[in-house]
Structure formats: C-alpha cells, structure tokens
**Student:** 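A single structure is presented below for examination.
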Amino acid sequence: MTFNPNADISSGNVSRAGGGGGGMGRGGIAVGGGGGCLLVVVALIVALMGGDPMAILGGQMGTTQDQSQVQPMDQQCATGADANANDDCLVQATVESADSVWGALAPEAGIPFAEPQAVIFSGQVNTGCGMASAAVGPFYCPADHGIYIDTSFYQELTTRFGADGGNLAKEYVIAHEYGHHIQNLEGRMDRIDHSQTGPGSDSVRLELQADCYAGVWANHATSSTDSQDQPFLQPLTSDDINSALSAATAVGDDHIQGEVAGGQVNPETWTHGSSEARRAWFTQGYGSGDPKSCNTFETAQV
C-alpha cells in the first residue's frame, strides 16, 4: 500500500526525539552476544507491540535521550509522497490516518477519543513508563498515551523475524500500537490480569484485540481523508493484505520462540498469541471494519 502523494500528513502529535548518545544505538535488537540476544528476544515477547519493556530489560538500557531535542516532524514530512519515500514519514502518515479513522469510529463505539502522541527515536528514549531502548521494538506507553518506535526496527522485522518488508507490514505495526491506545481510552488495560500467560490469557487477548483493531484501521484506511478531503491511502491490494499478515506471522509467540530464538515452543508462556491467531484477528477486523467485532475477551477460544 502506498500513500496518496497529495495527502497532507502534517501532524501536531508526531515528533522525533533526537540527541541520544551511548547505549545500544540503532542496531537495536541484536544487543551483545549469547545471553544478551536471548534477553532481548524474551523482552520482545513481553514488550513488542504494547508491553512494558522495563519489566524485562531494567538496567540494560543505555543513556537517556535528551528530551529537550524533541522536534516536530512537519519540516521533513508534509505529504504522502514523503511517506512513500521515508519510514519516519510513513509512521507519521499512518498515525494521521489512524487519527482520522478512530476519530470517527471511537465515538460511535462509545469510546471517548483523544489522539495519542507518537515519538520516533533513535537508540533509547525516556517515556512515561520509564527509559526504553530500541531493542524492545515498537511499544505503547499508557501512562503518557505514547506510541514509540525506532524505525530501524523495520529492517529487523524483515531480516530477523521474516516479514516481507512491504508498506502495510510497517503500517500494521503502528496500527497495532494505536489499537493499544484505543484499549487504553476504553479502560480495557485497567480491567485485565496482566500477570496471566498462555494462549487464553488476558495478555494474549489484549494483543489479539489490538491486532483486530489494526485490521479495522486497514478496512477504513483508504476512505479516511485529510483536512482537504484527500484520501490518505491508495486502494489496498491482495499483496498489501498479505504483507500485513506476514508481519502478524513474524511477531507470533510461537514463531519468535521457535524460528527466531531457536528454542522450544511453550504455549503456557505466551503473552501475544500465535502467528495463526494474530493473522486471524487482523483478518477479522479487516473483514468487518467494526471495532465491536474485536471483543477477544468474550470468545471462549482465541
């Protein structure tokens, strides 16, 4: 999927945190060797797309980004053409598209809507949930309503985790994090048992609902418009949907445990869901376009 080159993607809620030094750098996921890499894989299972990275990595982070250097992205990201050429701008455009989609859908579903803040960073960043490193992948922090991503993760998503590298695979990542923001607004995050693990746990159901919400966004993405009624995105193709599904497969717990980490697949430790379940719930949201179809907490089996 490509953005409409003429779309206005200027934003007041997407910024870049610059000026970081030390720490892990843009390499992100492959930290150190041996046990260090395994630690980060475990952290990914917990933190990738919505968890609390500090619960696993703790003091493993490097120095903190200088938050005085947080800058708006508008100077370099103004149009859909910029989003097609630059991953940072793609993040901004996806957030702007999701603002448009959820700004309409959330009130209809009885969810009080407020836009999140998105921060693109390099290396490490301070958040309302503590200091975080690029090693944990993209995540959402409910304390500050923040979506955080180091876009070097997109290369890792392809080379290490096996996604196909298409645009909708990248956009799925942001749409999933935006889904966590919707869950936060509706109070879902406060009502679940975050200590549970396993295929039917609250943790997995939370992640699968965010996948479904990402599918809902994809359903409406080509009809959502900017302030000048220009569509943000061009029409989806089957290749676009397959690209998103490749990303959902790549971040399934079974895939990470077995194919990525080279270990034993242990469903009782899952916190995000299998690749099959993640694909299925994205497809559910995309097919229905209805947030009410995404209630993973009222199904006997997910």
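Note that the coordinates shown come from a computational prediction; the quantities given were computed from them, not determined experimentally. For the single chain, residues carry numbers from 1 onward in sequence order.
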**Student:** Using modelled atom types only, decide if a donor and an acceptor are shared between the side chain of Q230 and the backbone of N4 within a distance under 3.5 Å.
**Tutor:**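 Looks like no, no N/O pair under 3.5 Å.
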**Student:** Kindly check if the number of other-residue, nucleotide or ligand heavy atoms within 6.0 Å of CD (E115) is above 12?
**Tutor:**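 More than 12 heavy atoms, drawn from other residues, nucleotides or ligands, come within 6.0 Å of this atom.
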**Student:** Does T79 offer a backbone N or O that forms a donor-acceptor pair with the side chain of D82 under 3.5 Å?
**Tutor:**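 Yes: the side chain of D82 pairs with the backbone of T79.
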**Student:** Between D254 and S275 (side chain of the first, backbone of the second, donor and acceptor by atom type, cut-off under 3.5 Å), is there such a pair?
**Tutor:**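 Side chain of D254 to backbone of S275: a pair is present.
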**Student:** What I want to check is whether the side chains of T237 and D240 have a donor and an acceptor closer together than 3.5 Å.
**Tutor:**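 Yes - a donor-acceptor pair under 3.5 Å links their side chains.
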**Student:** Indicate yes or no for a side-chain donor-acceptor contact from E96 to the backbone of S11 under 3.5 Å, with no hydrogens or angles considered.
**Tutor:**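 No; zero donor-acceptor contacts below 3.5 Å.
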**Student:** Do I120 and V14 come close enough that some side-chain heavy atom pair is under 4.5 Å?
**Tutor:**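 The answer is yes; the side chains approach within 4.5 Å.
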**Student:** Taking the side chain as everything from C-beta on, heavy atoms only, tell me whether Y172 gets closer than 4.5 Å to V251.
**Tutor:**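 They are in contact (side-chain heavy atoms under 4.5 Å apart), so the answer is yes.
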**Student:** Would you confirm whether S246, through its side chain, and D164, through its main-chain N or O, come within 3.5 Å as a donor-acceptor pair?
**Tutor:**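 Answer holds: yes.
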**Student:** Once you measure the plane-to-plane angle for Y286 and F282, does it fall in the parallel (<30°), tilted (30-60°) or perpendicular (>60°) bin?
**Tutor:**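 Parallel.
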**Student:** What side-chain donor-acceptor pairs closer than 3.5 Å can you find for residues 185-192, not counting sequence neighbours?
**Tutor:**
residue : atom : partner : partner atom : Å
E186    : OE2  : Y213    : OH           : 3.0
R191    : NH1  : E186    : O            : 3.1
R191    : NH1  : G187    : O            : 3.3

**Student:** Keeping the roles fixed (side chain from N219, backbone from V216), state whether a donor-acceptor pair exists under 3.5 Å.
**Tutor:**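 Side chain of N219 to backbone of V216: no pair is present.
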**Student:** I'd like to know if the side chain of H181 reaches the main chain of Q117, judged simply by a donor and an acceptor atom lying under 3.5 Å from each other, with no hydrogens or angles considered.
**Tutor:**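 Not at all, since once roles are kept as given, no pair shorter than 3.5 Å links the two residues.
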**Student:** Minimum heavy-atom separation for Q196 to D202, with atom names?
**Tutor:**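 Where Q196 meets D202 most closely, the heavy atoms are OE1-N, 2.8 Å.
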**Student:** Checking T94 side chain against L90 main chain: does a donor-acceptor pair fall under 3.5 Å?
**Tutor:**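 Side chain of T94 to backbone of L90, a donor-acceptor pair under 3.5 Å: yes, one is there.
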**Student:** Which pairs with one or both residues in residues 99-108 pass side-chain hydrogen bond (donor to acceptor under 3.5 Å, both in side chains), sequence neighbours excluded?
**Tutor:**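 side-chain hydrogen bond (donor to acceptor under 3.5 Å, both in side chains) check on residues 99-108 returns N13-D99, D99-Y178.
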**Student:** Would you say the side chain of E268 lies within less than 4.5 Å of the side chain of T197, judging by non-hydrogen atoms?
**Tutor:**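 Of all side-chain heavy-atom pairs linking E268 with T197, none is under 4.5 Å.
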**Student:** Strictly distance-based, threshold 3.5 Å: is any side-chain N or O of Y148 a donor or acceptor partner for the main-chain N or O of F121?
**Tutor:**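 No, because the side chain of Y148 does not come within donor-acceptor range (under 3.5 Å) of the backbone of F121.
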